[in-house]
Novice: 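I have a structure here, written as structure tokens, and I will follow up with some questions on it.
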Protein chains: 2
Amino acid sequence: MAKFSRTDNCKNCVDCNKKIPLFQLLSQSELTDLNTSRFEVKFKAGETIFKQGTSATHLLIITSGLAKFYVEGVQERQLIIRIVKPWEVVGQASLYFDNRHHYSVAALVDCTACFIEIESFKKMIRQNSAFAEEFITQCTQKGVFSYEKMVSLSQKQMHGRIADGILYLSKKIYESNQFSLHLSRQDIADLTGMSKDSAIRILKEFHHEGIIELDGRNLNVLNSEQLERISETG
Amino acid sequence: MAKFSRTDNCKNCVDCNKKIPLFQLLSQSELTDLNTSRFEVKFKAGETIFKQGTSATHLLIITSGLAKFYVEGVQERQLIIRIVKPWEVVGQASLYFDNRHHYSVAALVDCTACFIEIESFKKMIRQNSAFAEEFITQCTQKGVFSYEKMVSLSQKQMHGRIADGILYLSKKIYESNQFSLHLSRQDIADLTGMSKDSAIRILKEFHHEGIIELDGRNLNVLNSEQLERISETG
DNA sequence: GTTATTTGCTGATAAATGTCGATTTGAATT
DNA sequence: AATTCAAATCGACATTTATCAGCAAATAAC
């Protein structure tokens, strides 16, 4: 894991907090409180931000860049649970469980990461019930997302899973039909639970059928309705 | 869904609360408060307790019996997320999300179910921060459990998944090596993400190899170390 | 600029898994 | 005991998916 090193980039915290709905529920003094325990680190593409199994002392907010949130499965394989965008709070699972990271997070591109000390965060949960409620909301949303992902992984065939993966990236992450993909083919395979070769094959198929246009890492979703259909039929 | 009907079986609420760690954090007056919005319903084996898609108005605690917690996936298939034992609080995901059930719960055997009105429960979260923290702990534990389940479903082959299923039932649910199974073969298939025929095949194999003894619905885990090994190698 | 090294791609093959039909078992009912 | 029905079982087969070997293209290292 990259060493934490204090930087002075985190000067615009008030502005930063405006972007995180959860933090809007905090008072000025609570914000100040949280800020004192906060620091920023830059990561290069490929670097590990959280490593599964290490002890969890901080929560993470990516303020720029993109990262993958994954668990290390059997035989060195990775399962990408989700992609982490800026302003998303990462590390809930470690807060009250056993202070271990049960997943890894790695930068897909150069990232700026903000670390928040867990105890300060817990203090907010205790003293601000609106904050606690919003936090619970986010946990439960992730729970429902997990159920859908389990269905996709276990009941859909490769075409359906790739369709799910593309729709997820296009709708939830890049919020556009056309984008420059930051995931390798192996990453897409790890996101959809299949081998790299199979992922490549299905992507090519979708390309040839005119559902997507994929040239290197430039992805253009041409027919999202059909992707939805493929996703539903499995 | 079976209609809710008030019964007067819920007379021993103080005793009942002793069994639920979460509720031990409540004061006497808070307990009384919660109890007024509480009622009990009996379900016969096979009956649906929560139906995916319906509106969520209550949380559920099974006080006797056993139920399956599942999502309705593609083509009428079910994916059993977990088995619900007595004294487990069910329905967190609906609390703050969109007041819909994103999963179904059905009785595996005759069950007694206690329903708690959601708004009363939310009130406890707001006014009792220890209660909120314990509740968050449970949510995050379920999150970590989900990650492990995703790895099992997407990266392990059938032998590993069946091993995981048996170990889950034996360690977490029945807490014994020998028990009378309340799940059908189809349920085991839905728990491990495979077809019923495949589940039967692997179970027979484990039986012939002397890893388990399975006669009808009587299951005896003879060699749990080997099951662990099979689980790890996928 | 040239050489490594990774990443992407493809076809052939093998392994894993699902599907189907037929049969048996067991429980519930008459 | 006879009947009915659902669950469990099994073998044969079809389909899905992974693996492997080899190659091309892009990228990084020298």
Side-chain angles (χ1 to χ4, degrees), chain A residues 44-47 68 73-79 106 108-110 152-165 180-209 212-219 230 233-234, chain B residues 44-46 68 73-79 106 108-110 152-165 180-208 212-219 230 233-234:
Chain A
K44 290 227 171 292
E47 284 187 319
K68 59 178 175 182
V74 296
Q75 291 162 338
E76 310 283 295
R77 284 179 67 187
Q78 300 181 357
L79 175 66
L108 289 169
V109 292
D110 292 359
S152 176
L153 288 173
S154 69
Q155 300 193 338
K156 294 185 186 178
Q157 306 193 164
M158 294 196 297
H159 292 80
R161 301 209 297 278
I162 289 284
D164 282 343
S180 150
L181 199 54
H182 299 102
L183 290 77
S184 68
R185 301 296 194 264
Q186 182 66 60
D187 287 331
I188 293 177
D190 293 341
L191 179 68
T192 52
M194 66 186 72
S195 71
K196 182 189 61 171
D197 295 12
S198 292
I200 290 172
R201 215 173 308 249
I202 310 289
L203 285 169
K204 276 284 159 195
E205 238 177 271
F206 283 2
H207 178 96
H208 288 139
E209 286 166 7
I212 61 171
E213 192 170 57
L214 180 59
D215 176 34
R217 293 209 170 182
N218 291 312
L219 179 56
I230 293 171
T233 58
Chain B
K44 290 227 172 293
K68 59 179 175 180
V74 296
Q75 292 161 341
E76 311 283 294
R77 284 179 66 188
Q78 301 181 358
L79 175 66
L108 287 169
V109 292
D110 293 358
S152 176
L153 288 173
S154 69
Q155 300 192 338
K156 293 185 187 177
Q157 306 193 164
M158 294 195 300
H159 291 80
R161 301 209 298 277
I162 289 285
D164 283 343
S180 150
L181 198 56
H182 298 102
L183 289 78
S184 68
R185 300 296 194 264
Q186 182 65 60
D187 287 332
I188 293 176
D190 293 341
L191 180 67
T192 52
M194 67 186 71
S195 71
K196 183 190 57 173
D197 294 12
S198 292
I200 290 172
R201 201 160 310 168
I202 311 289
L203 285 170
K204 277 283 159 193
E205 239 177 89
F206 283 2
H207 179 97
H208 289 138
I212 62 171
E213 193 170 57
L214 180 58
D215 176 34
R217 292 209 169 183
N218 291 313
L219 179 56
I230 294 171
T233 56

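Chain naming here is simple, since letters A, B, ... match the order of the sequence lines and numbering starts at 1 in each. What you see is a predicted model; the values in this text were computed from it and never measured.
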Novice: Please give me the minimum heavy-atom distance between Leu108(A) and Ala45(A), naming the atom from each residue.
Specialist: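 Distance-wise, the nearest heavy atoms are O-CB, 3.7 Å.
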Novice: Under the criterion side chain to side chain contact (heavy atoms under 4.5 Å, CB included), I'd like the reasoning laid out for Lys156(B) against Thr192(B): C-alpha separation, chi angles, the key distance, then a yes or no.
Specialist: CA-CA 10 Å; Lys156(B) 293 185 187 177; Thr192(B) 52; over 6 Å; no
Novice: If only atom types and distance count, is the side chain of Asp187(B) paired as donor or acceptor with the main-chain N or O of Ser184(B) below 3.5 Å?
Specialist: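 Checking the backbone N and O of Ser184(B) against the side chain of Asp187(B), a donor-acceptor pair under 3.5 Å is found.
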Novice: Using heavy atoms to find the nearest nucleotide of DNA chain D for Arg185(B) and Ala199(A) separately, return the residue whose nucleotide is more 5′.
Specialist: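 Result: Arg185(B).
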Novice: Are the side chain of Asn218(B) and the backbone N or O of Ser180(B) linked by a donor-acceptor pair below 3.5 Å?
Specialist: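 Here the side-chain-to-backbone pair does not exist.
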Novice: So how far is it from Leu203(B) CG to His159(B) NE2, rounded to the nearest 0.5 Å?
Specialist: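 Reported to 0.5 Å precision, the distance equals 10.0 Å.
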Novice: Applying side-chain contact (heavy atoms from CB on, under 4.5 Å), name anything that partners Arg201(B), two or more places apart in sequence or on another chain.
Specialist: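 Arg201(B): side-chain contact (heavy atoms from CB on, under 4.5 Å) contacts with Asp197(B).
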Novice: Might you point out which heavy atoms bring Met158(B) and Ser198(B) nearest each other, and give the distance in Å?
Specialist: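 Looking at all heavy atoms of both residues, the closest pair is SD-CB, 3.4 Å.
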Novice: Base, sugar-phosphate, or nothing for Arg217(B), non-hydrogen atoms under 4.0 angstrom?
Specialist: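 Sugar-phosphate, backbone atoms only, no base.
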Novice: Could you state the interatomic distance from OG (Ser195(A)) to CZ (Arg77(A)), rounded to the nearest 0.5 Å?
Specialist: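 Answer rounded to 0.5 Å: 8.0 Å.
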Novice: Encode nucleotides 10-16 of chain D as B, S and - characters from 5' to 3', where the letter depends on protein heavy atoms closer than 4.0 Å: B to the base, S only to sugar-phosphate, - to neither.
Specialist: BBB---S
Novice: For His182(A) versus Val109(A), what's the shortest heavy-atom pair and its separation?
Specialist: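 Heavy-atom minimum between the residues: CD2-CG1, 3.1 Å.
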Novice: Compute the angle between the rotation axes at the two ends of the helix from dG1(C)-dC30(D) to dT30(C)-dA1(D), each taken over five pairs, rounded to 10 degrees.
Specialist: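 The value is 50°.
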Novice: Hey, could you give me the CD1/NE2 distance between Ile212(A) and His207(A), rounded to the nearest 0.5 Å?
Specialist: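 The distance works out to 8.0 Å.
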Novice: Could you say whether Gly216(A) or Ile202(B) is positioned toward the 5' end of DNA chain C, judged by the nucleotide with the nearest heavy atom to each?
Specialist: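 Upstream on the strand: Gly216(A).
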Novice: With a strict under 4.0 Å distance from non-hydrogen atoms of chain A, what nucleotide opens and what nucleotide closes the contacted stretch of DNA chain C, reading 5' to 3'?
Specialist: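 First and last nucleotides in contact are dG8(C) to dA12(C).
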Novice: Just the rounded figure in Å: distance from C1' of dA18(D) to CD of Gln186(A).
Specialist: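 Nearest whole value for this atom pair: 13 Å.
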Novice: What residues form a salt bridge (charged side-chain N to carboxylate O under 4.0 Å, His left out) with Asp190(B), not counting sequence neighbours?
Specialist: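 Scan of Asp190(B) (salt bridge (charged side-chain N to carboxylate O under 4.0 Å, His left out), adjacent residues dropped) gives none.
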Novice: Any side-chain N or O of Ser184(B) below 4.0 angstrom from OP1/OP2 of dA7(D)?
Specialist: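 For dA7(D), neither OP1 nor OP2 has a side-chain N or O of Ser184(B) closer than 4.0 Å.
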Novice: Determine, stepwise, if the pair Ile162(B) / Met194(B) fulfils side chain to side chain contact (heavy atoms under 4.5 Å, CB included).
Specialist: CA-CA 9 Å; Ile162(B) 289 285; Met194(B) 67 186 71; 3.6 Å; yes
Novice: Distance check needed: dA18(D) C1' versus Lys196(A) NZ, whole Å only.
Specialist: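 It works out to 13 Å between those atoms.
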Novice: Does Leu191(B) offer a backbone N or O that forms a donor-acceptor pair with the side chain of Gln78(B) under 3.5 Å?
Specialist: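 No.
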Novice: Enumerate all atom pairs, one protein N or O and one N or O from nucleotides 25-27 of chain D, separated by less than 3.5 Å.
Specialist:
none

